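The next block holds one structure in the form of structure tokens; read it before the comments.
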Amino acid sequence: MASSLTGAFAFVYLFILISAYKWHMKPFTTKQVWLIIGIGLGFFVLYTAASATLSLLGHSMDIFITRDWKLPVIMVGFGVFLLFDRVTFHSRVINRIAQSAFAVYFITDYAASEKLLWVKLFNLQNLYQQPFAILRILGILLAIYTTCTLIDFIRQALFAATLDRRRGRWFDLLWDKVSAWRCNQLNPLLDDSANTR
């Protein structure tokens, strides 16, 4: 409950931050954006170095500054967002792949596929302590994304060959059937009411 509340308040905080920037501030220059990112990364480096030094001296400290919604994380994320906001980039390949992003989400978020992926096929907890764990996990995620995208490409091709060939035809057929059925249901009622008059 507390974590969900933290997430909700943090989302509102980020929304206020972005809205204040968009509505009331002059856009940052590229130099200022890089400065924000640099300061955020500087916090990471300083805090990690201090934490490592203190742990060598026998004082164990948790590196809480790198957790979600902390100021350095927001600074780096906000700065990267502003950098990419300035870039205009067009690619037919990326746009084609991006069309399947929602399908990838649906496939991987389905309960049965979640169990198949994260329990049976790829139990990521077993990979954490192995060498090159990050590279292996990134490879697994890339393979899953590619596979789900290919599945959606197949679905798009099947739809293009069947349902989308004559768009709306199936709806028109269904509508005609329902309308005919409804008219058949109403006609006896209308005849009875006319006879009673």
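Computed from a prediction, not measured in an experiment: that's the story for all the values here.
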Give the minimum heavy-atom separation between [X] and [Y], together with the two atoms involved.
| X | Y | value |
| --- | --- | --- |
| E114 | T108 | CG-O, 3.0 Å |
| K26 | Y21 | O-CE1, 4.0 Å |
| G79 | V33 | O-CG1, 3.2 Å |
| V76 | I37 | CG2-O, 3.9 Å |
| P72 | G40 | CB-O, 3.7 Å |

[X] with [Y], same ILVMFWY side-chain cluster at under 4.5 Å:
| X | Y | value |
| --- | --- | --- |
| I18 | L71 | yes |
| L35 | L17 | yes |
| F28 | L41 | yes |
| L83 | M25 | yes |
| L141 | Y145 | no |

Measure from the ring center of F106 to the ring center of F102 and say whether it is less than 6.0 Å.
yes
With R96 as the cation and F153 as the aromatic partner, state whether NZ or CZ is under 6.0 Å from the six-membered ring centre and within 45° of the axis.
yes
Give the intermediate values and the outcome of side chain to side chain contact (heavy atoms under 4.5 Å, CB included) for residues F44 and V73.
CA-CA 9 Å; F44 286 138; V73 175; 3.8 Å; yes
Side chain to side chain contact (heavy atoms under 4.5 Å, CB included) between S91 and N95, worked out:
CA-CA 6 Å; S91 169; N95 288 340; 5.8 Å; no
Over 12 foreign heavy atoms within 6.0 Å of CD1, I134
no
Closer than 3.5 angstrom, by distance alone: can the side chain of [X] be matched with the main-chain N or O of [Y] as a donor-acceptor pair?
| X | Y | value |
| --- | --- | --- |
| T29 | Q32 | yes |
| T149 | S100 | no |
| R86 | L82 | yes |

Hydrogens and angles aside, do D152 and Q156 bring a side-chain donor and acceptor to less than 3.5 Å of each other?
yes
Counterpart residues, ring pair (Phe, Tyr, Trp, His ring centres under 6.0 Å), relative to F84 (two or more places apart)
none
